[in-house]
Amino acid sequence: MKELLLALPAGRETGGRSCGLTPAHMAYRIGAGPKLLGIRLPQGLRGGVMQLDCAGYDGAGDPVGCCRQILGECRRRSFRGIVCDFEGPPTGCLPKLAEILDRNCAAQGWALYVPAPYAPHAPHARVLIPSALAHGTLERRLCGALEQYGKERTALAVEWVREEFPLPARGRGEPMNQERLEELLRRLEPAVFFDRGLCAHYFTYMKGPQAHFVLFDSPRSIREKLGLANRLGVAAALLPQPEVEPYLEDIFGSGA
């Protein structure tokens, strides 16, 4: 893969650089105006990419000034790309913002990453394809993205999943924390299987009369997802730092 990004909460340290991971600094968001808001980073921090969200922003306003702030911060910090971690459908001026960033990033030789709904507004950007799914296969999802966007524009957004579904499973499940997962595994001692299509572990159990399905990731499943993406020719991947940091050697130590 050409680029492996590690989403890094503001102020966090990481050993990911030794595994070839580029930090994506989760210190920025778009606020009302719009304008660029940020958590103060160390003065001397340089390199990596900016990770930008828009939580709570309604899309109102003209994005030109905000784009100038974003691009200026990238130049000041020597960032070489931007991850637009935008949730939901394109709203208000956000499509225009993505278009401006796409044009400027392409001119600078920087990488821009956007969710699939923003792909039509950012024709040079890499498109983030989520790894989490409850049915179908990750290979089919990635092959569909590769056909639509091409290898250079397809990026895997790796999610460390711990979710519970009533059967039959539909959509996204109910998230659970690691403590809840470990409690279920300890109490139920279920037969745990690995689904190669989903690239994830799972088990089932009964909660009263209702069958439940628990899907979860591990270092092995993350390694499998990255290996699949690499074999298919996906250009890049974005990983979540808090979950994968303790397992970097397990995930990358064998050269996966």
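Treat the numbers as computed from the prediction; the structure is a model and nothing was measured.
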Looking only at heavy atoms, what is the nearest atom pair of [X] and [Y], with distance?
X    : Y    : answer
P34  : A60  : CD-O, 3.6 Å
C93  : Y57  : SG-OH, 3.0 Å
L6   : G16  : CD2-CA, 4.3 Å
A98  : A122 : O-CB, 4.2 Å
V114 : A125 : CG2-CB, 3.9 Å
P120 : P123 : O-CD, 4.5 Å

With a 4.5 Å limit on heavy-atom distance, are the side chains of [X] and [Y] in contact?
X    : Y    : result
H121 : D102 : no
E224 : R196 : yes
V127 : Y118 : no
H201 : S221 : yes
C54  : L94  : yes
D58  : T91  : no
S218 : R223 : no
F165 : V214 : no

Side chain of [X], backbone of [Y]: donor and acceptor closer than 3.5 Å?
X    : Y    : value
R29  : G38  : no
E245 : T14  : no
R126 : A155 : no

Hydrophobic cluster membership, with links at side-chain heavy-atom distances under 4.5 Å among I/L/V/M/F/W/Y: are [X] and [Y] in one?
X    : Y    : result
L228 : M1   : yes
L52  : V64  : no
L238 : L138 : no
L156 : Y247 : yes
I30  : I82  : yes

Are a donor atom and an acceptor atom from the side chains of [X] and [Y] found within less than 3.5 Å of each other?
X    : Y    : answer
R141 : S131 : no
E182 : Q178 : yes
E3   : Y113 : yes
Y28  : Q51  : no

Nearest 0.5 angstrom please: [X] [atom1] to [Y] [atom2], how far?
X    : Y    : atom1 : atom2 : value
L8   : H25  : CG    : NE2   : 6.5 Å
D85  : E87  : CG    : CD    : 6.5 Å
S18  : E249 : OG    : CD    : 8.0 Å
M26  : I39  : CE    : CD1   : 9.0 Å
L142 : T137 : CG    : OG1   : 8.5 Å
L101 : H124 : CG    : NE2   : 13.5 Å

**Report entry** Test log, rule side-chain contact (heavy atoms from CB on, under 4.5 Å), inputs T154 and L232
**Finding:** CA-CA 10 Å; T154 303; L232 292 174; over 6 Å; no

Query - K2 vs E152, side-chain contact (heavy atoms from CB on, under 4.5 Å): CA-CA, chis, key distance, verdict - result: CA-CA 9 Å; K2 294 187 175 181; E152 286 300 315; 2.5 Å; yes

Report task. List the steps, then state whether side-chain contact (heavy atoms from CB on, under 4.5 Å) holds for V83 with M50. Result -> CA-CA 6 Å; V83 177; M50 171 189 287; over 6 Å; no

Report task. Among Y205, Y202, F203, find the residue that satisfies the ring-ring contact (aromatic ring centres under 6.0 Å, His included) test when tested with F213. Result -> Y202

Decide if atom [atom1] of [X] counts as having more than 12 heavy atoms of other residues, nucleotides or ligands within a radius under 6.0 Å.
X    : atom1 : value
R40  : CZ    : no
R68  : CZ    : no
Q210 : CD    : yes

Are any of the side-chain nitrogens in [X] or [Y] under 4.0 Å away from the carboxylate oxygens of its partner?
X    : Y    : answer
E159 : R172 : yes
K207 : E164 : yes
D217 : K225 : yes

Query raised in the report: Relative to F194, does R220 satisfy both conditions: NZ or CZ under 6.0 angstrom from the six-membered ring centre, and within 45 degrees of the ring's axis?
Result: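 Verdict for F194: a cation-pi partner in R220.
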
Query raised in the report: So among R76, Q69, R75, which one has a side chain to side chain donor-acceptor pair (under 3.5 Å) with E73?
Result: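 Only one of R76, Q69, R75 forms a side chain to side chain donor-acceptor pair (under 3.5 Å) with E73, namely R76.
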
Query raised in the report: Under the side-chain contact (heavy atoms from CB on, under 4.5 Å) criterion, do V244 and I251 qualify, and how do the steps go?
Result: CA-CA 8 Å; V244 305; I251 295 169; 4.0 Å; yes

Query raised in the report: Would E183 and R186 satisfy salt bridge (Lys or Arg N to Asp or Glu O under 4.0 Å), going step by step from the backbone distance to the final call?
Result: CA-CA 5 Å; E183 188 273 330; R186 184 171 56 251; 5.7 Å; no

